[in-house]
There are 2 protein chains.
Amino acid sequence: MPTIKYYLREGLLPAGVLTSPNQAHYDDGHLRRLRLVRALVDVGGLSIAAVREVLTAVDTNEESMHHKLGAVQEAISQPATGELDPIAVKDVQAFFDRHGEFEFFGVDESNVTGMLVSALSAARSVGHDHFPELLDSYMEAMRIVARADLEYIARRTSSDDIIEAMVIGTLIGDAVLKAVRRVAHAEVSREAMDTD
Amino acid sequence: MPTIKYYLREGLLPAGVLTSPNQAHYDDGHLRRLRLVRALVDVGGLSIAAVREVLTAVDTNEESMHHKLGAVQEAISQPATGELDPIAVKDVQAFFDRHGEFEFFGVDESNVTGMLVSALSAARSVGHDHFPELLDSYMEAMRIVARADLEYIARRTSSDDIIEAMVIGTLIGDAVLKAVRRVAHAEVSREAMDTD
DNA sequence: GATAGTAGAGAGTGCCGCTATCCATATAGG
DNA sequence: CCTATATGGATAGCGGCACTCTCTACTATC
């Protein structure tokens, strides 16, 4: 309960309707919003500041749907950390070129690019220069995921629901994928042992 | 530099060889280890305590390779957070049953299961009851990823290299997959718009 | 012999996500 | 009507974590 007051103060939850100077009323929307915040924090690992960014992007009504989706995407993608290896930048550029995405994810422009570059930079710094060779397999796999995600999101009708489904589908999906990947590792390595 | 001293104190880096009571010598191995720690912290988002767990698991020589891999896997998979929905537990059990993994990932036994259950619980709490329907597509995609990962790891020869490749391949791979998934979302949704 | 530099250890710092306290009001029970 | 309890709002405090600062003892070098 003190946490809710804190979230209210931080602007993560809209204030309740004051029925009297010391009584505020909260409806299902508030509860839903609270659960969303908890999901973003617990499962998505977002900071309070990041959650606020996401929510303001979600709540903005002025922009076009396209613009809004982009803003939300950026908000749920943490920017680059650590130092960026120029060769990693090249690797990412080459990857985008190969998949015709270069015009959409120009280096230095989006957090997605930053995530990719910093991850590959870190790989290089620990001697894993060949990591980028995995990118195409990853892309192939992620296309399957993305198609499932899109189909899932497309069930929603209202644009608010679409935005929200994208946010939680992306963040919870990230967590789920992590876990499923570990399951798949176990399965595949067991298969490999059998055929040895 | 003070950070390095801190890591030494925390036992994340082995002490250098003392050439004299106030001069310690650090070799390439130390630098490599330092970079590994930075990668785990920056890209993997692990806490210092988690990094220590991973490193002790990596450095243990007494256990079998199999045991070691398992310990490392657990160390790099954060345990469940938030409250667990019993229906989510059922969903996860059903998923494991479907893929014949139930004997390997018993509920309550591994962090991987915990990750999955808490993610699905969070999804349910925000009204996304149908999220588990995505699991099979995710598993299909992750098999592709896992095969690529295994092939990547199999290039290593020494068992130390294998362990290390697994650690950084898993953690950096998670970050890379996140980013690539966002790229795939963009590609797939653009395709969908074209065919509309 | 003065200076500079390092190892090692303890205390201190800043941020972040809460949590506890305080006060004014207000509704509920008697 | 009056007290007890509870709530909203605001301010201050707390605990954990990842560092960072400082202090001491010593030694290698000029």
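On a predicted model such as this, the values are computed, not experimentally measured, just so you know. Below, chains carry the letters A, B, ... as their sequence lines are ordered, and counting in each starts from 1.
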Expected output is a numbered-order residue list: members of residues 31-52 of chain B with a heavy atom under 4.0 Å from any atom of DNA chain D. What is it? B:Arg38, B:Ser47, B:Ile48

With a 4.5 Å heavy-atom cut-off, do A:Met115 and A:Val92 have their side chains touching? no

Please check if atom CD in B:Glu133 has more than 12 non-hydrogen atoms from other residues, nucleotides or ligands closer than 6.0 Å. yes

Taking A:Ser110's backbone N and O only, do any of them form a donor-acceptor pair with A:Glu74's side chain (distance below 3.5 Å, no angle check)? no

Spell out yes or no: do the side chain of A:Arg9 and the base of D:dG8 have one donor N/O and one acceptor N/O closer than 3.5 Å? no

Neighbour count >12 (heavy atoms, 6.0 Å) for atom CG, B:Asp28: no

With a 4.5 Å limit on heavy-atom distance, are the side chains of A:Arg182 and B:Met142 in contact? no

In residues 1-8 of chain B, what residues come within less than 4.0 Å of DNA chain D, judged by heavy atoms? B:Pro2, B:Thr3, B:Tyr6, B:Tyr7

Rounding to a whole Å, what distance do you find between B:Leu12:CG and D:dC17:C1'? 13 Å

Donor-acceptor pair, distance only, cut-off 3.5 Å: does the side chain of A:Ser121 make one with the backbone of A:Leu84? no

Would you mind reporting whether B:Tyr7 and B:Arg38 have side-chain heavy atoms less than 4.5 Å apart? yes

Hey, is A:Arg32 close enough to A:Glu164 for a salt bridge, meaning N to O under 4.0 Å? yes

